[in-house]
Amino acid sequence: MKNYLISIIFIFISLIITPVTILSSGITESKNVVSNNIQSENREEETTTISSGDTTTDTITVFLSDTKENLAVSEFEYVCGSVAAEMPLMYHEEALKAQAIACYTNSLRLKNSKNKSEINGADISDNPATHQGYLTREERKEKWGEDYQKYESKLETIVKEVEGEFLTYDGEYCLCAFSAICTGTTESAENVWGEKIPYLVSVKSSGDTLSPQYSSTNTFTKSQFISIMKDLDVSINSKANLKDITGKSKTSKAGTVLKIEINKKSLTGEQIRNAFSLRSSAFKITATENEVTFKVSGYGHGVGMSQYGADFMARQGSTYDEILKHYYKGAEIEK
């Protein structure tokens, strides 16, 4: 009888202990599986990984224009990658913060866009000619080389400080246009894209004229000029004096060429800029009998924030919100 009771007690204790042991083993096994998955994702690409310190869970899908593939990254990683692609990391922290907010705002605006067929259904393209640039972590390592840790640390700190902040105008996400160097006055959207945008108007940006890359000169021989103009449907006789066929130009107050006459045909400054690969549409043209020279001011379309101008403002003591409100008139910073 005594042995019988001991057996019953032993069985009862076993029934209690065994589920606990199984449950404990299951938890440990589950943790190991999660850990292995994270390591695997880190080894592949940054498709779903989140940078250290990143607290966001929303993602941005980037269309990689070179490979024609989509890459999903966290919002934090996307802003880091877009700032790295669009602004030199040696620029002042306040200018970089302004750039981060501009890039983030553009990503939110495009993420809410319905027309995504041309970018494989992604939220945004990494092609700056289409939307804005983006560099993966591997591309940043390649770009910065031995300075990678220094710049990556600076980049992540800056992005964290303005994380979640974006620009709106009249309750809608802003089109945060920006360019490298303006002429000393930014351009209005109307003069470049033919559409009035109330917060993208001309403002002074005097620091740009101090840039060592402010001016550039492009010279073309007669045969080069005639060949390129042919692509613009402008026929020029090889015996013509180039000085005689170069007409007057109409410019904006920022210096952008709005209209120019070549061999009696009217063209826009943007057409000339693209055809001759000029740094901007703000140029002065001079011609001799056998040569044409473009003296170009600035770098980019000149609309919105001037990146060099933002850096200059920051070095004079302006904060990122002051920079943004200067270049995007009437816009509000929200979080």
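Model, not experiment: these values are computed from the prediction.
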Summary of ring-ring contact (aromatic ring centres under 6.0 Å, His included) pairs that have at least one residue in residues 178-198, sequence neighbours excluded:
Trp193-His301

Flag side-chain contact, heavy atom, 4.5 Å: Cys174 against Arg109:
no

Within the structure provided, determine whether Leu110 and His131 are in side-chain contact (heavy-atom separation under 4.5 Å).
yes

Nearest heavy-atom contact between Asn237 and Ile226 is O-CD1, 4.0 Å

Is it true that a side-chain atom of Ser82 and a backbone atom of Tyr78 form a donor plus acceptor pair closer than 3.5 Å?
yes

Common cluster, Ile119/Leu64, ILVMFWY with side-chain heavy-atom separation under 4.5 Å
no

If I compare all heavy atoms of Ile236 with all of Leu242, which pair ends up nearest, and what's the gap?
CG2-CD2, 4.4 Å

Within residues 114-134 or reaching into it, pairs that qualify as salt bridge (charged side-chain N to carboxylate O under 4.0 Å, His left out) - sequence neighbours excluded:
Lys116-Asp123

Is the number of heavy atoms from other residues, nucleotides or ligands under 6.0 Å of Asp170 CG greater than 12?
no

I'd like to know if the side chain of Glu75 pairs up with that of Ser107 as donor and acceptor (distance under 3.5 Å, no hydrogens or angles considered).
no

Cluster link Tyr214 to Phe283, ILVMFWY, side chain under 4.5 Å
no

Going by the ring-ring contact (aromatic ring centres under 6.0 Å, His included) test, which pairs reach into residues 236-282, not counting sequence neighbours?
Phe220-Phe276, Phe225-Phe276, Phe276-Phe294

Go through the structure and list residues passing side-chain hydrogen bond (donor to acceptor under 3.5 Å, both in side chains) with Ser188, not counting sequence neighbours.
Asn191

Is a side-chain donor-acceptor pair under 3.5 Å present for Glu187 with Thr256?
yes

Residue among Val162, Asn106, Val159 satisfying side chain to side chain contact (heavy atoms under 4.5 Å, CB included) with Ile101:
Val162

Taking only residues two or more places apart in sequence or in another chain, which ones pass side-chain hydrogen bond (donor to acceptor under 3.5 Å, both in side chains) with Arg279?
Gln213

Without hydrogens or angle criteria, can the side chains of Glu291 and Thr288 be said to hold a donor-acceptor pair below 3.5 Å?
no

Taken to the nearest 0.5 Å, the spacing of Ser306 OG from Asp208 CG works out to 3.0 Å

Spacing of Lys250 atom NZ and Lys259 atom NZ [to the nearest 0.5 Å]
8.5 Å

Go through the side-chain N and O atoms of Ser74 and Thr59 and say whether any donor and acceptor fall under 3.5 Å apart.
no

Going through the distances and angles, do Lys97 and Glu161 end up as a salt bridge (Lys or Arg N to Asp or Glu O under 4.0 Å)?
CA-CA 8 Å; Lys97 289 177 190 177; Glu161 288 183 9; 2.7 Å; yes

Counting only pairs under 3.5 Å, give me each side-chain donor-acceptor contact of residues 321-333, with atom names and distances, residues two or more places apart or in other chains.
unit_1 : atom_1 : unit_2 : atom_2 : d
Asp321 : OD1    : Thr319 : OG1    : 2.4
Glu322 : OE1    : Thr319 : N      : 2.9
Glu322 : OE1    : Thr319 : OG1    : 3.3
His326 : NE2    : Lys204 : O      : 2.7
Tyr327 : OH     : Ser205 : OG     : 2.7
Tyr328 : OH     : Ala177 : O      : 2.7

Side-chain contact, heavy-atom cut-off 4.5 Å: Gln132 with Cys103?
yes

Could you walk me through whether Val257 and Leu267 pass the side chain to side chain contact (heavy atoms under 4.5 Å, CB included) check?
CA-CA 9 Å; Val257 174; Leu267 299 165; over 6 Å; no

At what distance, to the nearest 0.5 angstrom, does CD of Glu165 lie from OG1 of Thr105?
9.5 Å

With rounding to the nearest 0.5 Å, note down the distance linking CD in Glu138 to CD in Glu142.
9.0 Å

OG/Ser266 to CD/Gln271 distance, rounded to the nearest 0.5 angstrom?
8.5 Å

From CA spacing to verdict: salt bridge (Lys or Arg N to Asp or Glu O under 4.0 Å), Lys243, Glu289:
CA-CA 6 Å; Lys243 190 174 182 179; Glu289 183 179 352; over 6 Å; no

Sorted by chain and residue number, the side-chain contact (heavy atoms from CB on, under 4.5 Å) partners of Lys253 (sequence neighbours excluded) come out as Ser202

Check ion pair Lys160-Glu163 (N to O, under 4.0 angstrom):
no

Listed by chain and number, what are the ring-ring contact (aromatic ring centres under 6.0 Å, His included) partners of Tyr91, not counting sequence neighbours?
none

More than 12 heavy atoms from other groups under 6.0 Å of CD on Glu334:
yes

Less than 4.5 Å apart, side chain to side chain, heavy atoms only: is that true for Ile158 and Val83?
no

Considering residues at least two apart in sequence or located in another chain, which fulfil the side-chain contact (heavy atoms from CB on, under 4.5 Å) criterion with Tyr151?
Leu89, Met90, Trp144, Asp147

Going by heavy atoms in the side chains, are Val203 and Thr185 under 4.5 Å from each other?
no

To the nearest 0.5 Å, how far apart are CD1 in Ile260 and OG1 in Thr268?
10.0 Å

Asp311: which residues meet the side-chain hydrogen bond (donor to acceptor under 3.5 Å, both in side chains) condition with it, sequence neighbours left out?
Arg315

For the pair Gln99 and Gln307, evaluate side-chain hydrogen bond (donor to acceptor under 3.5 Å, both in side chains) and give the outcome as yes or no after the intermediate values.
CA-CA 8 Å; Gln99 183 68 64; Gln307 294 171 311; 2.8 Å; yes

Quick test of your reading of the model: are Arg137 and Glu77 salt-bridged, counting only N-O distances below 4.0 Å?
yes

Does CD belonging to Gln316 count more than 12 external heavy atoms closer than 6.0 Å?
yes

Could you check if a side-chain atom of Met313 sits within less than 4.5 angstrom of a side-chain atom of Glu94, using non-hydrogen atoms only?
no

What is the minimum heavy-atom distance between Gly121 and Asn70, and which atoms define it?
C-ND2, 4.4 Å

Measure the shortest side-chain to side-chain distance between Val62 and Thr136 over non-hydrogen atoms and say whether it is less than 4.5 angstrom.
no

Grouping ILVMFWY residues whenever side-chain heavy atoms fall under 4.5 Å, the cluster of Leu258 otherwise contains none

Provide the closest heavy-atom pair for Asn127 versus Ser65 in the form atom of the first, atom of the second, distance.
CB-OG, 3.9 Å

Where do Ala85 and Gly133 come nearest, in terms of heavy atoms and distance?
CB-C, 3.5 Å

Answer whether the closest heavy-atom distance between the side chains of Thr130 and Phe63 falls below 4.5 Å.
no

Applying a strict under-4.5 Å side-chain criterion to I, L, V, M, F, W and Y, I'd like to know whether Leu155 and Leu96 cluster together.
yes

For residues 100-120, which residue pairs qualify under ring-ring contact (aromatic ring centres under 6.0 Å, His included), counting only residues two or more places apart or in two chains?
none

Taking all heavy atoms of Leu175 and all of Tyr199, pick out the closest pair and write down the distance.
N-OH, 2.7 Å

